[in-house]
Amino acid sequence: MSLGYAEKLSFIEDVGQVGMAEFFDPSHVLQCKIEELAKMIQKSKHLVVFTGAGISTSCGIPDFRGPKGIWTLQREGKDLPKASLPFHRAMPSMTHMALVELERAGILKFVISQNVDGLHLRSGIPREKLSELHGDSFMEMCPSCGAEYLRDFEVETIGLKETSRRCSVQKCGAKLKDSVLDWEDALPPKEIDPAEKHCKMADLVLCLGTSLQITPACNLPLKCLRGGGKIVIVNLQKTPKDKKANVVIHGLVDKVVAGVMESLNMKIPPYVRIDLFQIILTQSLSGDQRFINWTLRVASVHGLTSQLPFIESIEVSFSDDQKYKDAVLDKQPFLMKRRTARNETFNIFLKVNYSDGCDSVSTQLSLPFEFKVSTEERGEIIDKETVLQSLREKAVEESSCGQSGVVERRLVSEPRSEAIVYATVTSLRTFNCQQSLLGNGDLKWKLEGSGTSRKRSRTGKRKSRALEEETKA
């Protein structure tokens, strides 16, 4: 999880059991269990997957209770782990993308996640087939109309607090709130209700990378048992629900899922990260009508005051470099003002340099500059989804990043301004999984590119597992 997320949580003395020992099934045992799981999935009519922090550790996101987990190290008085890349640049793992393929094939019916990293949504799991029980660090929601906004930056607050932005739905405009729960917050019905419904319908619940200690979340998989459903747990540590499971697999989640996909003869799709930004060119005549005052702004599509976390700097140059000096915009907001003669035409060249965590180094764009007096306000009709799909296909075909395309264009007459929204491929991951004949924990896969437990009450405060058992006694 995000180190920032852990730091934002309210202080609580008992965070449950930490530093739990890890176990690895012998290679031949692991292979047998993988084949058994593949057969169970193949026979399943209603598969539900329940995920925890263990599916995101291979994405460079530390967990909480593992040997090197955040709370484990805190309790031992050691330095916290360092994320291998910025949280907002974390990309879905092999497991995330395998789940996408299972969903597209109609095998996987629903995903329940305890994670706040937003990687299931980024991977391509449809929102209507996903419950994010504890929220999403990149999601803002409108308490008035229910609209949701997935951001490319980590929302600054947790605990369902108001943020600095407002709902953009017409006739709404309410202040937005973050969606991540703090210790005192109850699970929202919007997330827990469909999760319960699908667990009751499930003939197979597959638990991946979770210690199954959070209540009421940890009891959700058990709801399939009454209808004759089965439970499979894939986790390196033992869990309190192991005795209820039909199969318990001690192995790396990515390794197990790779083996299952191979047994099912299914490929794991690539992950293509596409980010959006807008270029706004505003022009106005000077008082004497002889010059054009113009402003170039590169901004977030989430609002002019929002940060662009994936852009490091922008280099600006001109076709007529004898008259106009080049510029480097290296601080946000990325803004440049100039004055030119009224009848001049030229091209503005932009080199957008991406920040750490992006596979793509930069993208080059060209903007024609010509002042025209117009009273017409219009927008160009562009099929956004077609453009995005084309970019994905090109990135995979070329095994590279940096492709870009226009997905929206708006023109406003007074003051004259044009806003162009660009989509650009900033990262690419392809997965080629081969089952290793080595011991458990060794998995060979190719990543090609350019370049567990918190107690949460449904209606009130959370308790630690030990406290809950003491109360029951």
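Note that these values count all heavy atoms, side chains included, but never hydrogens, waters or copies made by symmetry. Here, residue 1 is the first one in the sequence, and each next residue gets the next number.
- Between A395 and V272, the shortest heavy-atom contact is CB-CG1, 4.2 Å.
- Between T163 and D178, the side chains place no donor N or O within less than 3.5 Å of an acceptor N or O (distance only, hydrogens not considered).
- Panel note: side chain S123, backbone H120; a donor-acceptor pair is recorded below 3.5 Å.
- R273 and D152 are not joined by a salt bridge, as no carboxylate oxygen comes within less than 4.0 angstrom of a charged side-chain nitrogen.
- Between R127 and E191 there is a salt bridge, since at least one side-chain N of the basic residue sits less than 4.0 Å from a carboxylate O of the acidic one.
- A donor-acceptor pair under 3.5 Å is absent between the side-chain atoms of S137 and the main chain of V180, judged by distance alone.
- Under the 3.5 Å distance criterion, with hydrogens and angles disregarded, no donor-acceptor pair is assigned to the side chains of T424 and D275.
- With hydrogens and angles left out, the side-chain atoms of H96 and S93 include a donor and acceptor closer than 3.5 Å.
- Residue Q278 is tested with R297, H302, R410, E408 for a side-chain contact (heavy atoms from CB on, under 4.5 Å); the sole match is R410.
- Put simply, the side chain of R165 reaches to within 4.5 Å of the side chain of R151, judged on heavy atoms.
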Which is it for K190 and M141 under the side-chain contact (heavy atoms from CB on, under 4.5 Å) test, yes or no, and what are the steps along the way? CA-CA 12 Å; K190 182 180 179 181; M141 58 183 182; over 6 Å; no

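- A donor-acceptor pair under 3.5 Å is absent between the side-chain atoms of E103 and the main chain of P126, judged by distance alone.
- Look at E140 and K175 and you find no salt bridge, because none of the NZ, NE, NH1 or NH2 atoms lies under 4.0 Å from a carboxylate O.
- When side chains are defined from C-beta on, H28 does not count as touching C32, because their heavy atoms never get closer than 4.5 Å.
- Heavy atoms of other residues, nucleotides or ligands lying less than 6.0 angstrom from CD of E128 number more than 12.
- H250 places a side-chain N or O within 3.5 Å of a backbone atom of N235 that can act as its donor or acceptor partner.
- No side-chain donor-acceptor contact under 3.5 Å links K243 to the backbone of P240.
- Formation of a donor-acceptor pair under 3.5 Å by the N115 side chain with backbone atoms of G52 is found in this model.
- At a threshold of 4.5 Å between non-hydrogen side-chain atoms, the residues P269 and E101 count as touching.
- L30 has its side chain within reach of I249: a pair of non-hydrogen atoms, C-beta onward, lies under 4.5 Å apart.
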side-chain contact (heavy atoms from CB on, under 4.5 Å) between H88 and E154: does it pass, once the steps are laid out? CA-CA 6 Å; H88 63 85; E154 186 177 358; 5.5 Å; no

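- Annotation: side chain of S144 is not in contact with side chain of C167 (no heavy-atom distance under 4.5 Å).
- Within 6.0 Å of the NZ atom in K33, the count of heavy atoms belonging to other residues, nucleotides or ligands exceeds 12.
- Taking 4.5 Å as the limit, every side-chain heavy atom of V247 sits out of range of all side-chain heavy atoms of L37.
- Listed here is the closest heavy atom pair of F431 and P92: CZ-O, 3.9 Å.
- In terms of heavy-atom proximity, T51 sits nearest to L99 at CG2-CD1, 4.4 Å.
- Defined by atom type and a distance below 3.5 Å, a donor-acceptor pair is present between the side-chain atoms of T426 and R89.
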Intermediate values then yes/no, side-chain contact (heavy atoms from CB on, under 4.5 Å), F277 and V352: CA-CA 10 Å; F277 62 89; V352 181; 4.2 Å; yes

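- For D117 against S56, the heavy-atom pair with the smallest separation is OD2-OG, 2.7 Å.
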Report the C-alpha distance between D136 and L150 in whole Å, list the side-chain angles of each, state the deciding distance to 0.1 Å, and finish with yes or no for side-chain contact (heavy atoms from CB on, under 4.5 Å). CA-CA 9 Å; D136 187 329; L150 184 63; 4.0 Å; yes

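- Q389 and E385 form no side-chain donor-acceptor contact under 3.5 Å, judged by distance and modelled atom types alone.
- Remark: the N219 side chain and the K241 side chain contain an N/O donor-acceptor pair separated by less than 3.5 Å.
- A donor-acceptor contact closer than 3.5 angstrom links the side chains of S168 and Y149.
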List the steps, then state whether salt bridge (Lys or Arg N to Asp or Glu O under 4.0 Å) holds for E156 with K161. CA-CA 10 Å; E156 58 271 22; K161 298 181 181 69; over 6 Å; no

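- Remark: the N353 side chain and the S313 side chain contain an N/O donor-acceptor pair separated by less than 3.5 Å.
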Is there a salt bridge (Lys or Arg N to Asp or Glu O under 4.0 Å) between D359 and R429? Walk through the geometry before answering. CA-CA 9 Å; D359 292 336; R429 289 292 182 271; 2.5 Å; yes

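- Residues V406 and Y422 have side chains in contact (heavy-atom distance under 4.5 Å, counting atoms from C-beta outward).
- S390 places no side-chain N or O within donor-acceptor distance of the main-chain N or O of T386, the cut-off being under 3.5 Å.
- Residues M20 and K238 form no side-chain contact, since every pair of their non-hydrogen atoms from C-beta on lies 4.5 Å or further apart.
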